[in-house]
Amino acid sequence: MVLYNLTRASTRGLVAGLCRPTITGLEHVPASGPFIVACNHQSFLDSVLVQALLPRRVGFFAKAEYFTGTGLKGLAMRSFFEGVGSIPVQRDQQAASVAALKTLLDILEEGGGVGIYPEGTRSRDGLLYRGRTGVGWLALTSGAPVVPVGLIDTDKLQPAGKKTVKPGHFTLKVGQPLYFQKTGPEHALPARRQATDRVMEAIAELSGQQRSESYNRNRPEG
């Protein structure tokens, strides 16, 4: 917890000083108990920003390579991603896979918070793509509330294909939690689809993005 508090505080201070973000709705994050953050995805930095700025710890997946590097650089990366609460996942293990979702479910059952991108990967054209049903599975299986988050202009901080970060203003909006009846893992696929669609509608309202009825086919990224 010491590493987490230090990393989060320093990252939050850096983001606040360099980007001066507009942040609304933090009061919607449950003060206790499990919760699922469902967010649109436009930048590599999205997970770090959400983890630093939300009032409670949120576990997002990050590439396992970030935790296994050697030397000072490897140690720095591992310390940072562990510090913000990231969860290592193998490159070939997509966030919507059963094994990955069960990892998130374990955290929820312990009363923690997890983060997921229903689109699956970053949007490179600014559209909000159709949500994959992993978020619906998590919500119905765990009964944890889903906290929708809309990020605006984070793509300008690090455009696709760029390795450098350009500080700039962005907006983070947190919506009211969405509650779904806990059914456990044995639920009908239509119910999972309905829950997912409801989450995507809430994200769209927050982010103001144009919707796409298709799935984002980009290669999954961290």
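Source: prediction; values computed, not measured.
- Although no hydrogens or angles enter the test, the distance criterion places a donor-acceptor pair under 3.5 Å between the side chain of R56 and the main chain of P30.
- For the residue pair L108 and A144, the shortest heavy atom distance occurs at CD2-CB, 4.2 Å.
- From L138, atom CG reaches atom CZ of F180 across 11.5 Å, with rounding to the nearest 0.5 Å.
- Contact check for C39 versus L151: side-chain heavy atoms found under the 4.5 Å cut-off.
- Both V147 and L26 are assigned to one and the same hydrophobic cluster, defined by single-linkage of ILVMFWY side chains at heavy-atom distances under 4.5 Å.
- Remark: T164 engages no residue in a side chain to side chain contact (heavy atoms under 4.5 Å, CB included) (not counting sequence neighbours).
- For the pair R12 (side chain) and L49 (backbone), a donor-acceptor distance under 3.5 Å is absent.
- Judged as a side-chain hydrogen bond (donor to acceptor under 3.5 Å, both in side chains), and not counting sequence neighbours, the contacts of T154 are D46.
- Among all heavy-atom pairs drawn from P177 and H28, the shortest one is CG-O, 3.2 Å.
- Closest heavy-atom contact between Q176 and P148: O-CD, 3.3 Å.
- A chain of hydrophobic side-chain contacts below 4.5 Å, direct or via other Ile, Leu, Val, Met, Phe, Trp or Tyr residues, connects V165 to L53.
- Between the CG atom of L140 and the OG1 atom of T133 there is a distance of 10.0 Å, given to the nearest 0.5 Å.
- Considering OG of S123 and CG of D155, their distance stands at 8.5 Å, rounded to 0.5 Å.
- Contact of the I152 side chain with the L206 side chain is not registered, since no non-hydrogen atoms from C-beta on lie closer than 4.5 Å.
- T141 places a side-chain heavy atom less than 4.5 Å from the side chain of L105.
- Atom CG in L18 sits 13.5 Å away from atom NZ in K166 (nearest 0.5 Å).
- Looking at residues two or more places apart in sequence or on another chain, you find a side-chain hydrogen bond (donor to acceptor under 3.5 Å, both in side chains) between S212 and S214.
- Using modelled atom types, no side-chain atom of R20 and backbone atom of F170 make a donor-acceptor pair closer than 3.5 Å.
- Residues W137 and K102 share a closest heavy-atom pair of CH2-CG, 4.4 Å.
- Within 6.0 Å of CD on E205 lie no more than 12 heavy atoms contributed by other residues, nucleotides or ligands.
- Checking side-chain atoms of E119 against main-chain N and O of Y129 turns up a donor-acceptor pair under 3.5 Å.
- In this structure, C19 and G168 approach most closely via the heavy-atom pair CB-O, 3.1 Å.
- Proximity of R124 to Q42: side-chain heavy atoms (C-beta onward) are nowhere separated by under 4.5 Å.
- The shortest distance between side-chain heavy atoms of L178 and P145 does not fall below 4.5 Å.
- Every residue was checked against the side chain to side chain contact (heavy atoms under 4.5 Å, CB included) condition with S10, not counting sequence neighbours, and none meets it.
- Considering only residues two or more places apart in sequence or on other chains, K156 meets the salt bridge (Lys or Arg N to Asp or Glu O under 4.0 Å) condition with D153.
- A distance of 7.0 Å separates NZ of K182 from OG of S142, quoted to the nearest 0.5 Å.
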Checklist line | Trace of the side-chain contact (heavy atoms from CB on, under 4.5 Å) decision for R211 with L127 | finding: CA-CA 6 Å; R211 303 285 298 276; L127 295 177; over 6 Å; no

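- Between the Y117 side chain and the S47 main chain, a donor and an acceptor come within less than 3.5 Å of each other.
- Heavy-atom minimum distance, L104 versus G59: CD2-O, 4.2 Å.
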Margin query: Run H41 and T121 through side chain to side chain donor-acceptor pair (under 3.5 Å) and show every step you take.
Written below: CA-CA 7 Å; H41 198 12; T121 188; 5.8 Å; no

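- A 4.5 Å side-chain heavy-atom check between L54 and V37 finds at least one atom pair inside the cut-off.
- The closest side-chain heavy-atom distance from N40 to Q209 is below 4.5 Å.
- The local environment of CD in Q210 is sparse, with at most 12 non-hydrogen atoms from other residues, nucleotides or ligands closer than 6.0 Å.
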Checklist line | side-chain contact (heavy atoms from CB on, under 4.5 Å) evaluation trace for L172 with V149 | finding: CA-CA 7 Å; L172 184 153; V149 169; 4.2 Å; yes

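- Screening residues 191-203 for side-chain hydrogen bond (donor to acceptor under 3.5 Å, both in side chains) gives H187-R192, R193-D197, R193-Y215 as the qualifying pairs, with residues at least two apart or on separate chains.
- Looking at heavy atoms from C-beta onward, V174 lies out of side-chain contact with T24 at the 4.5 angstrom threshold.
- Note that the CD1 atom of I116 and the CZ atom of F60 stand 9.0 Å from one another [nearest 0.5 Å].
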